[in-house]
Amino acid sequence: MGKSKSKDSPSRKLMHASSSDVQLHIYGVPFSLNRGFLAARSSKLAALLKENHEDDISHLLGDIPTDSETFELVARFCHGFDINLSPENIIKVLCLAHYLGMSEIHSTNNLTKKAGLYFQNNVLSSWNKTIKALKSAEIILQQAADLSLVDACAESIIAKVLHNPSLLGEPMRNVTTTDDDSENDENAYKSNVKRRLFVHDWKSEDLTLLSIALYEPIIRAMVHREVPLEYVASSLFQYLSKWVFLDTKREDDDPSTYERNSQRVIIEAVERLLPQKRGLIPSSLLSKMLQSAIILDAHTECKSGLETRIGKQLDQATVKDLLIPAQGYAKEEQYDTESVKRILKNFYSNYTSTDISGLVVVAELVDDFLAEVSSDIDLKLNTFLSLAELSQAATGGTNRNSDGMYRAIDIYLDKHRYLTDWEREEVCRVLDCSKMSPEACEHAAKNEKLPVRVTVQILFSVQLKLKDNVTKRIQRGPDNQLLKLEEDEEDAEGTSNSEEAMMKAEMEKMGNKVLELEKECHMMRREIQRGSYQHKIQKEKTSMWKEMKRKIGCMTSLQETNCHVKKKKVHPR
């Protein structure tokens, strides 16, 4: 019996005409049908019924491309009943009609012609109906492809997108907002006043109904036909948000092996389809996709492709984009720092601009990243050093200060108190003391976590800066004073000469203090090398900074360098 509840179903109508009935079982559903009606419409069934006189010929239709609902619809047509065609059943009806040979050659006004006209005039002309029809073809995809029905639907969709790309959704845009960084990532996909990633067009979501087997070739054809890439990218990430992103975030329900395999196939396909254009896709979404690929154990080519894309636009990324959680039971660190290393190498190898600002931005990003991950107690020393060296190597010739690196080192030493003296020295090896700000130097002078040698090195660097400033003052002083003398020669020649002599005396006094301080630093370094002075320096380290400033007569910040010069103050340029 068919599934239809109509009292006029073929199986019920001919139940009493047993001599002319034929029995069919389609996927477990029994049908009792009239031989003559079937033979009149179907050339295949006519031939089978002519050669076989048994009542049940189901075994001869083992490869029939249909389900019981579609077969009942076709059987009703053969028995002269009206049938309702729709976008959801039209492709299945066409495939079954072709299989049964229901053509105009066998019988006029047959089902193939009737369904074909409906498909052409009512389905392909509509965006939504075309997608619904294509979705229904997934269970008989090969038969539909052989009849070019899939190509017809795809061509209809592509033509409509070429005319109106916004059918795929509005282009993505980077989020620029002052919202709190702790805001849930889900808000990035929600359309609201404060923060929007997509401007959704509900028509565009229809494409997400398709399986990846249908979706991938359609998108590939769109790229080949030069649909604007920003619209293609928007569609791709809508597809991911529906089939991958939501499921990989679930914590209460572990997806089945089949679901994970399906998601892995999807993310690998989408990665192949992603446009290569730099900046077209926000780094935050590329990072999210990479994290999903790692969780799903996607193919190495997929993960490498995403790392390359992130690397090419790393100067547009944030620290959060690099915080990729490590996966697996044997994970040794909290974050996947190996992936970050590869991303950094991709950035440096692809950076061709003569403007070094991009290198400086990335170096600062790495400093911030190191400061973030340094609190991980499992972060290895070699990992910390390798990341720091990648940053330092690219910006070694710039004037970028070392405050960010110092902050990362300070956090690392604080969270890894078990390090030996040699290991602490290794951590500080990547710190360029000469590029630290006065504030950072003052903090370092009181930092008991730093090795003594590094503290002295920082203090010595400060002393050299002070000496340099004094030298510049001495060199500039006479010239400036001479200019003033020329301007005021008639009115204040005697006074100017007196002030000039006083200033020179102060400068000479300050120079002597600097030389004295340099000598003391030299003696301290010698004592440290012998090892006999180390304990004493450790105790006095906290007061060393004030003592140095006292010796040169400066009790304000290093940056100001306001020393006590009588009557006339000389400020640096």
Side-chain angles (χ1 to χ4, degrees), residues 173-176 181 275-287 290 304-324 335 337-374 383-412 427-441 443-444 454 457-458 461-462 464-465 468-469 472 558-559 572-573:
R173 47 178 163 264
N174 285 307
V175 176
T176 54
D181 290 337
Q276 295 286 347
K277 184 178 178 181
R278 167 184 154 88
L280 185 64
I281 303 168
S283 297
S284 58
L285 286 184
L286 290 173
S287 174
L290 175 59
S304 297
L306 291 169
E307 289 172 350
T308 300
R309 285 179 169 86
I310 297 173
K312 287 181 179 180
Q313 57 186 57
L314 189 58
D315 53 330
Q316 302 174 8
T318 64
V319 173
K320 186 176 179 181
D321 300 334
L322 298 181
L323 296 177
I324 304 170
Y335 297 103
T337 52
E338 291 302 316
S339 179
V340 175
K341 289 180 191 178
R342 293 190 293 269
I343 290 172
L344 274 171
K345 291 177 181 177
N346 280 319
F347 172 78
Y348 293 136
S349 63
N350 287 285
Y351 194 83
T352 57
S353 175
T354 56
D355 185 5
I356 65 171
S357 60
L359 296 174
V360 174
V361 168
V362 170
E364 292 174 349
L365 175 65
V366 175
D367 289 349
D368 293 340
F369 172 77
L370 279 174
E372 188 70 29
V373 301
S374 290
T383 300
F384 182 93
L385 291 175
S386 60
L387 285 168
E389 287 168 353
L390 280 173
S391 171
Q392 298 292 88
T395 57
T398 67
N399 293 324
R400 183 178 72 92
N401 70 40
S402 299
D403 288 9
M405 184 61 66
Y406 170 70
R407 175 170 170 262
I409 290 173
D410 182 49
I411 296 174
Y412 188 81
V427 171
C428 297
R429 177 169 52 83
V430 294
L431 180 63
D432 189 344
C433 301
S434 64
K435 294 182 179 180
M436 292 174 62
S437 69
E439 294 77 13
C441 289
H443 183 276
V454 176
Q457 186 178 357
I458 292 172
S461 175
V462 172
L464 290 178
K465 289 179 183 178
D468 184 60
N469 287 338
K472 289 179 180 179
L558 291 176
Q559 196 170 15
R573 184 176 54 190

Rounded to the nearest 0.5 Å, what separates atom [atom1] in [X] from atom [atom2] in [Y]?
X    : Y    : atom1 : atom2 : answer
Q457 : S434 : CD    : OG    : 9.0 Å
I343 : I310 : CD1   : CD1   : 4.5 Å
I324 : L306 : CD1   : CG    : 9.5 Å
L280 : L285 : CG    : CG    : 11.0 Å
E338 : L387 : CD    : CG    : 8.0 Å
C428 : I458 : SG    : CD1   : 7.5 Å

inquiry  = Test side-chain hydrogen bond (donor to acceptor under 3.5 Å, both in side chains) on N401 and S437; report intermediate values, then the result.
reply    = CA-CA 7 Å; N401 70 40; S437 69; 5.7 Å; no
Locate the shortest heavy-atom distance separating [X] from [Y]; write the atom from each residue and the value.
X    : Y    : answer
H443 : D410 : CE1-OD2, 4.1 Å
L290 : S339 : CD2-OG, 3.7 Å
G311 : N346 : CA-CB, 4.1 Å
G279 : Q313 : N-OE1, 2.7 Å
L314 : V362 : CD2-CG1, 3.7 Å
Y406 : A440 : CE2-O, 4.2 Å

So do the side chains of [X] and [Y] get within less than 4.5 Å of each other, counting heavy atoms only?
X    : Y    : answer
Y348 : L359 : yes
L431 : M436 : yes
I409 : F384 : yes
Y335 : V340 : no

ask   = Going by atom types only, do S353 and D355 share a side-chain donor-acceptor pair under 3.5 Å?
value =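 No, because no side-chain N or O of S353 sits under 3.5 Å from a partner of the opposite role on D355.
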message = For R407, is the CZ atom crowded, meaning more than 12 foreign heavy atoms sit under 6.0 Å from it?
response =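 For R407, atom CZ is not crowded (no more than 12 foreign heavy atoms under 6.0 Å).
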task = Would you check if the side chain of Q392 reaches a backbone N or O of V430 as a donor-acceptor pair within less than 3.5 Å?
result =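 Yes, the answer is positive, given that a donor and an acceptor are paired below the 3.5 Å cut-off.
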query = Is the side chain of S349 donor-acceptor paired with the backbone N or O of K345 at a distance under 3.5 Å, no angle test?
reply =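 Side chain of S349 to backbone of K345: a pair is present.
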In a table with atom names and distances, give each donor-acceptor pair under 3.5 Å that connects a side chain of residues 363-371 to protein atoms at least two apart or in another chain.
unit_1	atom_1	unit_2	atom_2	d
D367	OD2	R400	NH1	2.5

